[in-house]
Amino acid sequence: MTVVWILGGTGRSAGAIAAELHHRGIRPVLVGRDAGRLMAAANGLPTVVAGSVGETADAIRRERPTVVVNTIGPFTETAASLLDACLPSSDYLDLANDLAAVSATLGRGDDFAAAGRAAVTGAGFGVTATESVVAKLCEGRPIPQRVRVDMVPSLTVEAGLVGDALAGTLVEGLPGFEGGRRFQGRRYQNGRLVPDKLAGDPIRLVLPDGSTVTTASMPLGELMAAQRASGAANVVSASSEAPASPVVRAVLPAATALLNIAPMRAFARRRLAAVRFKAAPKPREHSWGHAVIEWADGSMREGWLRVGEAQAWTGTVPAEIVRRLLDGEGKPGAYTPAALFGPTLAESCGGEYQILGDSSAVRP
């Protein structure tokens with residue numbers, strides 16, 4: 001029997017994915033810790049109560065769902081045991097966009113290939129939107145020399161708490177990850193991950209709708225996805241969510257130095273998790289993925305992917321991937337979304353490409 005489990009079933013992402021699956025005729029099971037909140041969120045869907053990630057992993061081994069959708073962050077803390085639990089019976093999908101988590105899941109490719117299962121990481125807005133533009137620009141062309149990707153989400157903010165999952169993702173950095181220290185940025189240089197400044201390489205982008213944003217480099221999962229999609233030796237990933245103010249960028253080294261102290265990091269995580277934020281409308285009509293690619297002969301191409309509100313698209317993309325996995329369109333191994341299904345995946349989820357010719361954009 002085909003069964004799709006959505007972990008973190010009371011969260012906003014899980015609700016969006018469940019709604020999109022319903023539109024595709026798929027009835028998922030919501031999995032969460034709190035029975036009362038889970039029942040309220042389920043709206044008649046079946047549920048499984050599991051009090052921890054460990055209990056969830058045990059339930060996956062016992063019940064063997066066909067596809068497991070993990071929305072529980074920080075993914076560096078949750079993904080490993082859930083990936084183990086999925087083998088050999090379940091496909092796995094998550095919404096990670098932190099570099100360490102995306103890298104770790106991609107590193108499980110041989111295990112999933114041997115079991116005949118698929119693991120898909122980065123199935124949210126940032127990774128999918130940016131790598132899809134890279135894949136589109138590189139179609140039928142040789143390996144480029146340089147790539148820069150920029151994610152520009154437009155998010156409707158709902159009032160609530162930051163919560164431990166997001167707080168952990170923000171303050172834990174990249175402990176033990178190759179190419180630099182915990183709170184350094186990363187880029188690919190000559191084919192290797194090397195240290196980079198956090199919020200470095202700021203540029204001001206004019207979006208296709210005429211509005212402007214500033215993006216700066218961040219060590220996100222988009223970096224690895226763009227490098228794998230292009231094969232380029234030199235890659236930078238950037239985001240409009242990175243600190244753009246020169247003052248903030250100037251104090252980042254001191255702030256991150258304090259976070260290297262474990263008690264300070266734990267304190268900051270607790271305090272940040274308890275912060276309440278106000279509701280806010282989305283800042284612009286569309287979200288954008290952007291890439292500029294340069295080849296050895298000096299030719300350059302620039303491209304955009306236009307989608308709607310970023311959180312809504314983070315419901316659409318996983319649901320479409322789940323449908324394709326259930327229909328047997330996947331293949332064994334571990335992938336990011338466009339690496340598995342190509343740049344047409346974004347179009348099937350409502351995205352529209354705008355491809356330009358030669359560009360004089362700033363080099364990464």
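Keep in mind that this is a model prediction, so the values were computed, not measured.
- Val147 and Ile143 fall into different hydrophobic clusters, where Ile, Leu, Val, Met, Phe, Trp and Tyr side chains are chained together by heavy-atom contacts under 4.5 Å.
- Of the possible donor and acceptor atoms, one in the side chain of Gln184 sits under 3.5 Å from a partner among the backbone N and O of Arg181.
- Closest approach of Ala119 and Leu83 over heavy atoms only: CB-CD2, 4.2 Å.
- When side chains are defined from C-beta on, Arg12 counts as touching Gln311, because their heavy atoms get closer than 4.5 Å.
- With respect to Arg324 and Asp327, no salt bridge is recorded, no charged nitrogen being found less than 4.0 Å from a carboxylate O.
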- Query: Can you list the steps and then say if Ser239 with Thr215 is a side chain to side chain contact (heavy atoms under 4.5 Å, CB included)?
  - Reply: CA-CA 5 Å; Ser239 170; Thr215 66; 5.9 Å; no
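- Asp164 and Arg269 are joined by a salt bridge, as a carboxylate oxygen and a charged side-chain nitrogen come within less than 4.0 angstrom of each other.
- Both Val235 and Trp295 are members of a single hydrophobic cluster when ILVMFWY side chains are connected at heavy-atom separations under 4.5 Å.
- One finds the CG atom of Leu325 at 9.0 Å from the CZ atom of Arg117 (value rounded to the nearest 0.5 Å).
- In this structure a side-chain-to-backbone donor-acceptor pair under 3.5 Å is missing from Thr336 to Ala338.
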- Task: Begin from the C-alpha positions of Arg24 and Glu320 and carry the test salt bridge (Lys or Arg N to Asp or Glu O under 4.0 Å) through to its verdict.
- Result: CA-CA 8 Å; Arg24 289 163 173 78; Glu320 177 61 16; 3.2 Å; yes
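- Across every non-hydrogen atom of Thr128 and Gly122, the tightest pair is OG1-O, 3.1 Å.
- Asp91 places a side-chain N or O within 3.5 Å of a backbone atom of Ala118 that can act as its donor or acceptor partner.
- Side-chain atoms of Glu285 do not come within 3.5 Å of backbone N or O of Gly308 as any donor-acceptor pair.
- Sorted by first and then second residue, the salt bridge (Lys or Arg N to Asp or Glu O under 4.0 Å) pairs involving residues 189-200 (not counting sequence neighbours) are Arg187-Asp196.
- Of all heavy-atom pairs spanning Gly32 and Leu38, the tightest one is N-CD2, 3.6 Å.
- Without hydrogens or angle criteria, Trp5 side chain to Val69 main chain gives no donor-acceptor distance under 3.5 Å.
- For the pair Arg182 (side chain) and Glu172 (backbone), a donor-acceptor distance under 3.5 Å is present.
- Across Pro343 and Glu139, no two heavy atoms sit closer than the pair CG-OE2, 3.5 Å.
- In the hydrophobic cluster analysis, where Ile, Leu, Val, Met, Phe, Trp and Tyr join through side-chain heavy atoms closer than 4.5 angstrom, Leu345 is grouped together with Ile26.
- With contacts defined as side-chain heavy-atom distances shorter than 4.5 Å, the pair Thr214/Ile203 does not qualify.
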- Item | CA sep, side-chain torsions, deciding dist, call: Phe341, Ser348, side chain to side chain contact (heavy atoms under 4.5 Å, CB included) | CA-CA 11 Å; Phe341 294 116; Ser348 71; over 6 Å; no
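- In this structure, the side chain of Arg186 engages the main chain of Gly180 through a donor-acceptor pair within 3.5 Å.
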- Decide side chain to side chain contact (heavy atoms under 4.5 Å, CB included) for Leu174 and Leu99; before the verdict, give the C-alpha distance in whole Å, the side-chain angles of both, and the deciding distance to 0.1 Å. CA-CA 8 Å; Leu174 297 169; Leu99 182 57; 4.2 Å; yes
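- Residues Leu82 and Val68 have side chains not in contact (no heavy-atom distance under 4.5 Å, counting atoms from C-beta outward).
- A salt bridge does not link Arg108 with Asp110: none of the charged nitrogens is closer than 4.0 Å to a carboxylate oxygen.
- Around CD1 of Ile261, the count of heavy atoms belonging to other residues, nucleotides or ligands within 6.0 Å exceeds 12.
- One distance of note links CG of Leu137 with OG of Ser132; it measures 11.0 Å at 0.5 Å rounding.
- The closest donor-acceptor contact from the side chain of Ser237 to the backbone of Met218 lies under 3.5 Å.
- Linking ILVMFWY residues whenever their side-chain heavy atoms come closer than 4.5 Å, directly or via other members, places Ile355 and Met151 in the same cluster.
- Formation of a donor-acceptor pair under 3.5 Å by the Thr47 side chain with backbone atoms of Ala35 is not found in this model.
- Side-chain contact between Lys331 and Leu340 is present, with heavy atoms from C-beta onward closer than 4.5 Å.
- Contact of the Ile60 side chain with the Val31 side chain is not registered, since no non-hydrogen atoms from C-beta on lie closer than 4.5 Å.
- Across every non-hydrogen atom of Leu95 and Ala123, the tightest pair is CD2-O, 3.7 Å.
- By the criterion of side-chain heavy atoms lying less than 4.5 angstrom apart, applied directly or through intervening Ile, Leu, Val, Met, Phe, Trp or Tyr residues, Val127 is not grouped with Leu93; the two fall into different hydrophobic clusters.
- A salt bridge does not link Arg141 with Glu294: none of the charged nitrogens is closer than 4.0 Å to a carboxylate oxygen.
- Atoms CG and CE, from Asp34 and Met39 in turn, are 11.0 Å apart once rounded to the nearest 0.5 Å.
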- Is there a side-chain hydrogen bond (donor to acceptor under 3.5 Å, both in side chains) between Glu222 and Thr130 once you walk through the steps? CA-CA 7 Å; Glu222 290 90 300; Thr130 53; 4.9 Å; no
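- For the pair Ser103 (side chain) and Ala100 (backbone), a donor-acceptor distance under 3.5 Å is absent.
- One finds the CG atom of Leu207 at 10.0 Å from the CG atom of Asp150 (value rounded to the nearest 0.5 Å).
- With rounding to the nearest 0.5 angstrom, the CD atom of Gln354 is 9.5 Å from the CG atom of Leu305.
- In this structure the side chain of Val307 never reaches within 4.5 angstrom of the side chain of Trp288, judged on heavy atoms.
- Rounded to the nearest 0.5 angstrom, Ser240 OG and Leu205 CG are separated by 9.0 Å.
- Residues Val206 and Trp304 share a closest heavy-atom pair of O-CZ2, 3.6 Å.
- Dense packing is recorded around CG of Asn260, with more than 12 heavy atoms of other residues, nucleotides or ligands lying under 6.0 Å away.
- Here the side chains of Leu45 and Val29 are not in contact, with every heavy-atom distance at 4.5 Å or above.
- Checked by atom type, the side-chain pair Arg284/Ser211 shows no donor-acceptor distance below 3.5 Å.
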- CA sep, side-chain torsions, deciding dist, call: Ser154, Glu309, side-chain hydrogen bond (donor to acceptor under 3.5 Å, both in side chains): CA-CA 5 Å; Ser154 181; Glu309 197 267 345; over 6 Å; no
- Task: Evaluate the side chain to side chain contact (heavy atoms under 4.5 Å, CB included) criterion for residues Arg33 and Val49: first the C-alpha distance (whole Å), next the side-chain angles of each, then the deciding distance (0.1 Å), finally the verdict.
- Result: CA-CA 5 Å; Arg33 295 179 299 179; Val49 178; over 6 Å; no
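- In this structure the side chain of Asp98 never reaches within 4.5 angstrom of the side chain of Leu220, judged on heavy atoms.
- Salt-bridge check for Glu131 with Arg228: failed, with every basic side-chain N at 4.0 Å or more from each acidic carboxylate O.
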